Amino acid sequence: MSRGERLREALRRILDTLDAMQRGKATEAVEWEMQELRQVFALLVMGEAVGLPAPPGELTLELLPEMEDELRLLLQRIDTAQTPFSQLFSSLPME
Amino acid sequence: MSARSVFFVGKGGVGKSTLAALAALAHADSGKRVLLLSLDPAHNQSDIFERQFGEDARSVHPLLDVIEPDLDRWIRRYLAEVEERVRASYTYLTALNLEHHFRVLRHSPGLEEFALRRIYEHALAEARKTDILIVDMPPTALSVRFFSSPSLSLAWTQQLLALRREITRRREMITRIRVGTKDIEQDRILRTLERETQRNEELTALFGDPDRCAVHLVINPDPLSWKEGMRIREELDGLGIAIAQVDVNKSEDGDLHADSLPDSLTDLPQLGIPLQKQSPIGIAMLEDVLGLIDTAALRRPFGTGRDDT
């Protein structure tokens, strides 16, 4: 590769990195919002397990097959929280 | 056009199942194609027609079929199906750990009336060639929950739908910016919520439509029975479901005296069914009873042959 080509290559890599950083920044806030909303959603659907008012049982059952990610999120969050809820959850045989 | 539904509700022991059977037979005798669906866990129709009924329709008359599903079995099967779907779609959390939750959810409030709703919807869908769907309802509490469950479920699904849309909007935004792709994966949860919302909206509309759905309130001529009847009426009124007729079963002579009904029910059309020495068992005895009453009234409000669609 000529010096010109190497320079162009290096610049391109820098621009790619900058671009990814910008995109990351742009989505950070929205990602955070989304995670919070997902958590609320998970609590609403599966909150019965932690004592929250629950939708009719059939909604939880109908949505359960599609909510593995949400369930994991919920478990992670409860795991790291220092609340009685996490104690309750840890007493259930969950992986 | 799908079958018109007539629900027979009332306190346990007033004779709902017998009235439902009589009405079903009366419609069939008048030339209508009838499906009698028993949602009563007591499984009285098998006793009344002296035949074992189940989930598959069985014919007792050229124009009358009977279905009497087992609620517990239906629920167990439904839970097994959900468990299967969970096993098939979960990759990280193993389904084995959810057994505990399934055991808890089996007794979750709302599951019985959900099962009844699904069974009813299924019967309605299957009854393509049927004119009239007669439904023998469970005792009062479960019946009221049956009628109120679509709107209750709707309240939840509408809220969850709005929340889910907020989530997917943000996800799409993130995907578009991060990956730059236009190919956004459809959110399955959103689809399920949309589907449940639509189902519940349709059912709520159906229950409130007097052209497609009617309720016969069955009572006995005694104060306890009246009181329960009045309560049922109140609950149904609150749900926008009209009572088409009050059937006074086991009345002394079949004639209705002005004072045999409490005031709050006298504005409704009434029919008296005379007290029999014993409950009719078998088609012959049922036909005998039909010979003693105003069958045109029993067939209200869908008894006239005003349509053949």
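Because the structure is predicted, anything quoted here is derived from the model rather than measured. In what follows, every chain begins at residue 1, and chains take the letters A, B, ... in the order their sequences are listed.
- Considering only heavy-atom pairs separated by less than 4.5 Å from chain A, the leading option among B:Gly110, B:Ser153, B:Ala155 is B:Ser153.
- Taking B:Phe147 as the reference, B:Phe7, B:Phe207 meet the ring pair (Phe, Tyr, Trp, His ring centres under 6.0 Å) condition, with sequence neighbours excluded.
- B:Glu196 contributes no side-chain N or O that, together with a main-chain N or O of A:Leu59, makes up a donor-acceptor pair within less than 3.5 Å.
- Contact annotation: the side chain of A:Leu63 approaches that of B:Leu193 to within less than 4.5 Å [non-hydrogen atoms, C-beta and beyond].
- From B:Ile189, atom CD1 reaches atom CE of A:Met67 across 5.0 Å, with rounding to the nearest 0.5 Å.
- A 6.0 Å sphere centred on NE2 of B:His122 holds no more than 12 heavy atoms belonging to other residues, nucleotides or ligands.
- Of all residues in residues 161-173 of chain B, those placing a non-hydrogen atom less than 4.5 angstrom from a non-hydrogen atom of chain A are B:Leu163, B:Arg164, B:Glu166, B:Ile167, B:Arg170, B:Arg171, B:Met173.
- Salt bridge A:Glu66/B:Arg191: absent, no basic N to carboxylate O contact under 4.0 Å.
- B:Thr157 touches chain A through backbone and side chain together, each having a heavy atom under 4.5 Å away.
- When each of B:Thr192, B:Val82, B:Asp187, B:Ile177 is checked for heavy-atom pairs under 4.5 Å with chain A, B:Ile177 comes out on top.
- The side-chain hydrogen bond (donor to acceptor under 3.5 Å, both in side chains) analysis of residues 2-11 of chain A, with sequence neighbours excluded, yields the pairs A:Glu9-A:Arg12.
- Proximity to chain B is absent for every atom of A:Gln22, based on heavy atoms less than 4.5 angstrom apart.
- Side-chain contact between B:Tyr90 and A:Asp69 is absent, with no heavy-atom pair separated by less than 4.5 Å.
- Each of B:Leu152, B:Ile174, B:Leu79 has some count of heavy-atom pairs under 4.5 Å with chain A, and the biggest count is that of B:Ile174.
- If you measure heavy-atom distances from B:Arg145 to chain A, you find no contacts under 4.5 Å at all.
- At a threshold of 4.5 Å between non-hydrogen side-chain atoms, the residues A:Leu61 and B:Phe114 do not count as touching.
- Residues forming a side-chain hydrogen bond (donor to acceptor under 3.5 Å, both in side chains) with A:Arg23 (at least two apart in sequence, or on another chain): A:Asp19.
- Proximity of B:Arg195 to A:Glu62: side-chain heavy atoms (C-beta onward) are separated by under 4.5 Å at one or more points.
- Atom CZ of B:Arg73 is surrounded by 12 or fewer heavy atoms from other residues, nucleotides or ligands within 6.0 Å.
- The minimum heavy-atom distance between B:Ser89 and A:Pro65, with the atom names listed, is OG-O, 2.6 Å.
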